[in-house]
Amino acid sequence: MNSHQRIADLLKTLPIGRTVEVKGWVKTRRDAKDLSFLEINDGSCLANLQVLASPGLANFATDVKKITTGCSLRVKGELARSPAKGQEVELQAREIEVYGWAPAESYPLQKKHHSFEFLRSIAHLRPRTNSLGSVARIRSALSFAVHRFFQEQGFYYVHTPIITTSDCEGAGEMFTVTALDLDNPPRTATGRVDFAKDFFGRPASLTVSGQLEAEVYALALGRVYTFGPTFRAENSNTSRHLAEFWMIEPEMAFCDLQGDIDVAEALLKYLIAYALEHCQEDIELFNRFIDKELIAKLSGVLEQEFARISYTEAVERLQRAGRAFEFPVSWGIDLQSEHERYLTEEIFKRPLVVTDYPRAIKPFYMRVNDEKTVAAMDILFPGLGEMVGGSQREERYDMLLTRMTETGVNPDDYQWYLDLRRFGTAPHAGFGLGFERLIQFVTGMANIREVIPFPRTPGAAAL
RNA sequence: UCCCGGGUAGCUCAGCUGGUAGAGCAGGUGGCUGUUAACCACCUUGUCGGGGGUUCGAGUCCCUCCCCGGGAGCCA
């Protein structure tokens with residue numbers, strides 16, 4: 001049951017005149033006088049294979065004539081050069097077996113354009129479309145490339161926990177993980193839910209970041225990375241936020257902020273170059289139908305150094321911009337979307353690294369530079385906003401303690417994290433890269449819900 | 001969560017200042033053709049997002065709820 005060939009391989013090797021067997025789903029059918037043309041796709045690549053079905057087939061009248069878009073088939077026959085325009089080769093069928101029908105009156109996918117919004121409502125069928133299939137192949141290729149980059153660079157892959165008991169990781173609202181009976185939870189004397197009686201004996205949540213745990217392994221193995229699902233219970237309704245997304249988080253011992261940025265830039269360029277090289281056909285689809293400038297944009301990113309400016313410089317640039325922003329700019333504010341867009345899209349027109357943000361607006365674990373700033377960095381992409389957020393970590397015990405107090409974090413909850421600074425502390429740095437945002441950039445897809453197979457957003461978790 | 005804009009046939013959408021619903025595609029039937037988003041003819045399809053209200057009359061106006069899209073915030 002596994003002797004058939006992938007269409008991707010056939011189109012690459014073109015074994016003309018040879019008998020081949022393919023299995024896949026019908027994309028479209030066209031009929032000529034005595035002939036039926038079936039285009040079948042097996043998901044191995046974007047391209048379809050045209051199958052020529054003639055009345056000589058044993059089941060031509062009984063089955064073949066009834067085949068419609070969506071049916072799954074086995075086809076055996078001879079691969080031949082196609083006499084007509086539109087495709088180089090075609091499969092002249094000697095046997096066609098229908099595995100599964102797809103009644104035309106009820107099969108939702110038609111041979112026409114569908115809105116991405118509609119496709120989202122049929123999450124179980126949408127990967128059979130050209131565009132969502134291409135996204136899936138690119139996503140797979142880039143996942144592999146992430147591992148390849150880090151493995152080549154001497155990083156170790158660490159599986160940080162999905163379920164965490166760190167009380168407040170500071171990265172956003174968390175989903176609670178509980179095994180308590182929600183209709184009748186145990187209560188403490190003061191009437192609150194008694195998590196001491198819960199599965200873990202304490203409150204637990206889904207992770208919002210593997211960073212803190214990755215630091216543990218960085219301070220043992222040197223250079224590590226995590227790449228896994230991350231959860232935020234924020235009520236975010238935008239085209240670039242998900243409640244469940246995948247994040248790449250390297251963490252490097254004996255590394256400062258500049259080294260951190262260097263790795264991030266190298267990684268992003270490696271991944272974009274990998275996609276251009278290995279997913280050419282799929283990217284061309286997006287270049288044709290989603291964004292005519294896509295390939296030029298991707299190539300452009302590879303050709304230039306990322307721009308790098310400090311937060312203070314960014315503020316000065318914005319103040320000199322001579323335009324009225326909805327949110328006025330002054331030193332100390334967090335940069336708003338409109339500010340980031342102005343900097344990346346109008347001033348620099350390429351990825352931009354902004355460093356050394358005000359201490360007062362950043363979390364406790366970022367390394368203090370001086371009275372005013374911390375060693376943080378964001379990488380902003382034109383059209384997307386924040387792709388990467390990272391920092392050098394505070395490795396000085398006393399300073400970390402000071403920062404916890406400053407930001408209202410209870411040191412008792414982070415004894416293990418403080419221990420890393422008590423015992424053999426080392427300068428270290430890391431960042432988080434939103435995998436879906438990368439896929440958005442590489443595909444040009446406007447909505448992040450189209451670049452993850454099963455998007456989870458407020459009010460929506462299909463399947 | 002806030003601000004806009006939407007929810008009309010299976011899909012994509014039209015429907016002016018309230019008068020009782022339409023197109024293209026899909027689907028069905030027939031024809032034509034080594035076809036290519038095939039083509040030609042004919043045919044079918046609607047709780048006009050839910051609920052309430054104004055009116056002789058509501059897809060159209062008002063209220064409310066739900067959902068979707070864009071922007072904002074939160075961030076990756």
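Each chain gets a letter, A, B and so on, in the order the sequences are listed, and its residues count up from 1.
Across the strands present, B:A14 finds no partner; the criterion is a Watson-Crick or G-U wobble pair with both atom distances under 3.5 angstrom. Pair assignment for B:G27 gives B:C43, based on Watson-Crick or G-U wobble hydrogen-bonding distances that are each under 3.5 Å. The partner of B:U54, taking Watson-Crick or G-U wobble pairs whose two distances both stay under 3.5 Å, does not exist in any strand shown. When both distances must be under 3.5 Å, the Watson-Crick or G-U wobble mate of B:A72 is B:U1. Nucleotide B:U60 is matched to nothing when pairs are restricted to Watson-Crick or G-U wobble geometry with both distances under 3.5 angstrom.
The shortest distance between the side-chain N/O atoms of A:Arg30 and the OP1/OP2 oxygens of B:A38 is below 4.0 Å. When the side-chain nitrogen and oxygen atoms of A:Arg81 are compared with OP1 and OP2 of B:G34, none of them lie within a distance under 4.0 Å. Using a 4.0 Å cut-off, some side-chain N or O of A:Asn447 falls inside it from OP1 or OP2 of B:G70. Under 4.0 angstrom from either OP1 or OP2 of B:U12 there lies at least one side-chain N or O belonging to A:Ser115. Taking only side-chain nitrogens and oxygens, A:Thr69 never comes nearer than 4.0 Å to OP1 or OP2 of B:G27. Within the structure, every side-chain polar atom (N or O) of A:Arg29 is placed at least 4.0 Å from both OP1 and OP2 of B:A26. At B:G69, one or more side-chain N or O atoms of A:Arg449 fall inside 4.0 Å of OP1 or OP2 (strictly under the cut-off). Within the 4.0 Å cut-off from OP1 or OP2 of B:A72, not a single side-chain nitrogen or oxygen of A:Gln336 is found. For A:Thr28, no side-chain nitrogen or oxygen approaches OP1 or OP2 of B:U36 to under 4.0 Å. Dashed line: the shortest gap from a side-chain N or O of A:Thr238 to OP1 or OP2 of B:G69 is not under 4.0 Å.
Across the C1' atoms, B:G28 and B:U60 are found 34 Å apart, a figure rounded to whole Å. On the C1' atoms, B:G70 is 46 Å away from B:U33, given to the nearest whole Å. The same atom, P, is picked in B:G59 and in B:U8; the two are 15 Å apart, to the nearest Å. Spacing between B:C48 and B:C3 at atom C1', rounded to whole Å, works out to 27 Å. Comparing the P positions of B:G10 and B:G5 gives a spacing of 28 Å, expressed to the nearest Å. Between B:A76 and B:G18, the two C1' atoms lie 50 Å apart (nearest whole Å). Nucleotides B:G57 and B:A14 place their C1' atoms 23 Å apart, quoted to the nearest Å. Atom name C1', nucleotides B:C56 and B:A23: the rounded distance is 32 Å, in whole Å.
Contact of A:Arg240 with B:A76 (side chain to base): no donor-acceptor pair of N or O atoms is detected under 3.5 Å. Put simply, the side chain of A:Glu90 and the base of B:G34 share a donor and an acceptor less than 3.5 Å apart. Between the side chain of A:Gln50 and the base of B:U35, at least one donor-acceptor pair of N or O atoms lies under 3.5 Å. The base of B:U33 does not come close enough to the side chain of A:Asp31 for any donor and acceptor atom to sit less than 3.5 Å apart.
In this structure, A:Glu436 pairs ionically with A:Arg139, as a charged nitrogen and a carboxylate oxygen lie closer than 4.0 Å. Using a 4.0 Å cut-off between a side-chain N of Lys or Arg and a carboxylate O of Asp or Glu, A:Arg437 and A:Glu386 do not qualify as a salt bridge. A:Lys23 and A:Asp42 are not joined by a salt bridge, as no carboxylate oxygen comes within less than 4.0 angstrom of a charged side-chain nitrogen.
Listed nucleotides: B:C11, B:C75, B:U35. Nearest to the side chain of A:Phe118: B:C11. For A:Ala84, whose side chain is taken as the heavy atoms from C-beta onward, the closest listed nucleotide among B:A76, B:A72, B:G34 is B:G34. Comparing B:U1, B:G69, B:U36 against the side chain of A:Arg120 picks out B:G69 as the nearest.
When each of A:Phe327 and A:Trp246 is assigned the nucleotide of RNA chain B bearing its nearest heavy atom, the one mapping closer to the 5' terminus is A:Phe327. Residues A:Gly432 and A:Asn235 each lie close to RNA chain B; by heavy-atom proximity, the contact nearer the 5' end of the strand is made by A:Asn235.
For the residue pair A:Arg308/A:Thr355, the side-chain donor-acceptor check at 3.5 Å is not satisfied. Judged purely by distance below 3.5 Å, without hydrogens or angles, the side chains of A:Tyr365 and A:Glu395 never pair a donor atom with an acceptor atom.
Contacts of A:Ser236 with the nucleic acid, taken as non-hydrogen atoms under 4.0 Å apart, include base atoms. A:Leu52 comes within 4.0 angstrom of a nucleotide base, judged by non-hydrogen atoms across all strands.
Contacts of residues 53-64 of chain A with RNA chain B (heavy atom under 4.0 Å): none.
By the 5.5 Å and 30° criteria, A:Phe245 is stacked with the base of B:A76.
Between A:Tyr270 and A:Tyr274, the ring-plane angle classifies as parallel under the 30° and 60° cut-offs.
What separates CD of A:Glu39 from P of B:G34 is a distance of 18 Å, to the nearest Å. In this structure, A:Glu173 atom CD and B:G73 atom P are separated by 18 Å, rounded to whole Å.
The nearest pair of heavy atoms linking A:Phe364 to A:Arg403 is O-CB, 3.6 Å.
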Show the numbers, then the answer: is there a side-chain contact (heavy atoms from CB on, under 4.5 Å) between A:Leu268 and A:Phe381? CA-CA 11 Å; A:Leu268 284 163; A:Phe381 267 59; 3.9 Å; yes
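Among the candidates A:Glu215, A:Glu394, A:Arg393, A:Arg367, the single residue satisfying the side chain to side chain donor-acceptor pair (under 3.5 Å) test with A:His428 is A:Glu215.
Taking the six-membered ring for Trp and the full ring otherwise, A:Phe245 and A:Phe435 have centroids separated by 6.0 Å or more.
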